[in-house]
Protein chains: 2
Amino acid sequence: MHSHTEENYLKALFNLANEKGEVSVNDLSKILAIKMPTVNSMVKKLAGKKLVHYESYKPLRLTEKGKKEAGLIIRKHRLTEMFLVQKMGFGWEQVHEIAEQIEHIHSPYFFDKMDEMLGYPKIDPHGSPIPDKTGKVDWIRYEKLSDCGAGETVRLGAVIHSTEEFLKFLNSRKLHLGLKIKIKSVESFDGSMVVSYGKNSTETLSLTVSERLLVEKIG
Amino acid sequence: MHSHTEENYLKALFNLANEKGEVSVNDLSKILAIKMPTVNSMVKKLAGKKLVHYESYKPLRLTEKGKKEAGLIIRKHRLTEMFLVQKMGFGWEQVHEIAEQIEHIHSPYFFDKMDEMLGYPKIDPHGSPIPDKTGKVDWIRYEKLSDCGAGETVRLGAVIHSTEEFLKFLNSRKLHLGLKIKIKSVESFDGSMVVSYGKNSTETLSLTVSERLLVEKIG
DNA sequence: AATAATTGTTAGATTTGTCTAACTTTAAAC
DNA sequence: GTTTAAAGTTAGACAAATCTAACAATTATT
């Protein structure tokens, strides 16, 4: 089908589009750690395959075909992460690197089997939605914890920009998906939040952290 | 570490050496479906990395380093096959293609976890030995069923040249590892064998089949 | 032993994905 | 509204892994 390399470009385009809206050659270059001229020639190649809409000096956009392909790769990535956590006992902070490689495996049976064993999960271990078999993503509308106010109670639904570093930090604070969090107060000058969750503990979360936690309001 | 391509050459060299003793550029070329000049330049490159002993017009030999690297790749392949069969419910005829891809994943944790979940298996689903963590293989000395005689009773220990086609054939005859087989007679003119196993069944196995079944004599 | 067939090697072209250097266009700053 | 900075593009080089064509060495055949 597509090369390992092409798949990485598609995936990066997909993810960047969902984070920032418009995607530039420069963004792609930074995220992939590949120089701009290389990216430029590659997106032209992808445009030739009708995976990307490309016009000089204009933002990059995936075609419908490109979105579907990207969605299917991300599906493999997220199913793998879920499998690694649920069936192999890895921590949510350990699975990205491995899934990054396994997502390129070509074998419908393999991923279908994972899906089946996992009971057709809708989200991955970080709360991100798993695209369906057509590559379509069912976006869950969460809001950032940082956009919530004092007195509100929320449930932690997903984590974004989930680097190993950040996930280890969350582990150390016993912060996990599904956790009910009460916002006690918000410091207006630095945006830090005092919250409580779990065993009566009281914790302070910096804005850097609360911006990366996606929640739904409850009660 | 090494490229995907290099790993495939090492694995092929290792397997060929264990099947035929000496390995030629031509053998490698055929097994990898890569033209001889390409193979020639590649083995020189591997020689440059001290993985292969190379001299013009002489048979190819893996160095100790090469054997170790190859053993570790084969370890990953066979652990994966075992995992797919034991933990994911695949049939022994379905796992080769998938393992062929997963063997190139770089992640000690991933394979260690498989190993642990499987209880540190010594053989794969086809009876081939799984190299240890240093890449060393503990060869099991089986003999071919075709080398056994009438009246002998044997246990099926391994299958060689196990293509999907062949394994499906074995499935259809209910032939599986560990099965006790009694040799009733051997046709001298074509080498075919009349055997019995399982539920009193009587089967005839062609030489083509009995040459690919490795057994140990029992009682 | 001479000849034919097979195997191995060399040389040079091709593709993919990368780079650097130089130039152009668009956007930002003053 | 110039000028400067950032982003984008073009051109050309390069490494990895492949190929074909031509030639050389070894092995097999008669």
Side-chain angles (χ1 to χ4, degrees), chain A residues 1-17 19-62 66 69-70 73 100-101 103-104 106, chain B residues 1-17 19-62 66 69-70 73 100-101 103-104 106:
Chain A
M1 201 62 166
H2 307 109
S3 73
H4 196 114
T5 304
E6 286 173 342
E7 293 190 348
N8 284 337
Y9 278 82
L10 288 175
K11 193 171 49 124
L13 276 162
F14 191 97
N15 286 331
L16 281 171
E19 276 174 34
K20 320 202 343 165
E22 297 203 326
V23 184
S24 67
V25 172
N26 198 258
D27 294 333
L28 255 188
S29 171
K30 279 176 189 154
I31 221 102
L32 293 171
I34 287 172
K35 294 293 185 294
M36 282 183 46
T38 306
V39 172
N40 182 271
S41 67
M42 199 65 187
V43 295
K44 283 180 177 175
K45 182 181 170 185
L46 292 173
K49 295 190 176 186
K50 305 289 180 203
L51 294 163
V52 170
H53 290 296
Y54 174 79
E55 284 178 275
S56 289
Y57 301 105
K58 296 264 174 69
L60 305 171
R61 280 161 43 233
L62 284 173
E69 300 292 340
I73 298 158
E100 202 73 4
Q101 299 180 65
E103 71 192 5
H104 299 293
H106 297 300
Chain B
M1 200 62 168
H2 307 110
S3 72
H4 197 116
T5 304
E6 285 173 343
E7 292 190 348
N8 284 336
Y9 278 83
L10 289 175
K11 192 171 52 125
L13 277 161
F14 191 96
N15 286 329
L16 282 170
E19 277 174 33
K20 320 202 347 166
E22 298 203 326
V23 184
S24 66
V25 172
N26 198 255
D27 294 333
L28 254 189
S29 171
K30 280 175 188 154
I31 221 99
L32 293 171
I34 287 170
K35 296 291 185 295
M36 283 183 46
T38 307
V39 173
N40 182 271
S41 68
M42 199 65 188
V43 294
K44 282 180 178 174
K45 183 181 171 186
L46 293 172
K49 294 190 178 186
K50 305 289 181 207
L51 294 163
V52 169
H53 290 297
Y54 173 79
E55 284 179 274
S56 291
Y57 301 104
K58 294 263 174 69
L60 304 171
R61 281 161 43 234
L62 284 172
E69 299 291 342
I73 297 158
E100 202 73 4
Q101 299 180 63
E103 71 192 5
H104 300 293
H106 296 300

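Labels below follow one simple rule: chain letters A, B, ... track the order of the sequence lines, proteins then strands, and each chain is numbered from 1.
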I'd like a table of atom pairs between the protein and nucleotides 19-22 of chain D - only N or O on both sides, under 3.5 Å - with the distance next to each one.
unit_1: D:dC19; atom_1: OP2; unit_2: B:Lys35; atom_2: N; d: 2.9
unit_1: D:dC19; atom_1: OP2; unit_2: B:Thr38; atom_2: OG1; d: 3.1

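At distances below 3.5 Å, not a single donor-acceptor pair connects side-chain atoms of B:Asn8 with backbone N or O atoms of B:Thr5. Of the possible polar contacts, one joining the A:Ser29 side chain to the A:Ile34 backbone as a donor-acceptor pair under 3.5 Å is found. In terms of modelled atom types and a separation under 3.5 Å, the side chain of B:Asn15 and the main chain of B:Ala12 share no donor-acceptor contact.
Residues B:Ala70 and B:Leu62 approach most closely at CB-CD1, 4.2 Å, considering heavy atoms. Of all heavy-atom pairs between B:Asn40 and B:Tyr54, the closest is ND2-OH, 3.4 Å. For the residue pair B:His106 and B:His2, the shortest heavy atom distance occurs at NE2-O, 4.2 Å. In terms of heavy atoms, B:Ile73 sits closest to B:Glu103 at O-CB, 4.1 Å.
Between the NE2 atom of A:His4 and the P atom of D:dA16 there is a distance of 18 Å, rounded to whole Å. Counting to the nearest Å, the C1' atom of D:dT26 and the CD atom of B:Glu22 are 14 Å from each other. Taking atom CG of residue B:Asn8 and atom P of nucleotide D:dA17, one finds them 11 Å apart after rounding to whole Å. As rounded to whole Å, 12 Å separates atom C1' of D:dA17 from atom CG of B:Leu32. The separation between B:Tyr57 atom OH and D:dA25 atom P is 6 Å, rounded to whole Å. Separating the CG atom of A:Leu28 from the P atom of D:dT9 is a distance of 12 Å, rounded to the nearest angstrom. Taking atom NZ of residue A:Lys58 and atom C1' of nucleotide D:dT9, one finds them 15 Å apart after rounding to whole Å. If you measure from atom CG of B:Asn40 to atom P of D:dT18, you get 13 Å, rounded to the nearest angstrom.
Mapping A:Glu6 and B:Ser56 onto DNA chain C by nearest heavy atom places B:Ser56 at the nucleotide closer to the 5' end.
Looking only at side-chain heavy atoms (C-beta outward), B:Lys58 and B:His53 stay at 4.5 Å or farther from each other.
With a heavy-atom cut-off of 4.0 Å to chain A, the contacted part of DNA chain C has its first and last nucleotide at C:dT16 to C:dT26.
Distances shown here put every side-chain N or O of B:Ser3 at or beyond 4.0 Å from the OP1 or OP2 atom of D:dA16. Phosphate proximity of D:dA16 to B:Tyr9: absent, as no side-chain N or O sits under 4.0 Å from OP1 or OP2.
A salt bridge links B:Glu100 with B:Lys11: the distance from a Lys NZ or Arg NE/NH1/NH2 to an Asp or Glu carboxylate oxygen falls below 4.0 Å.
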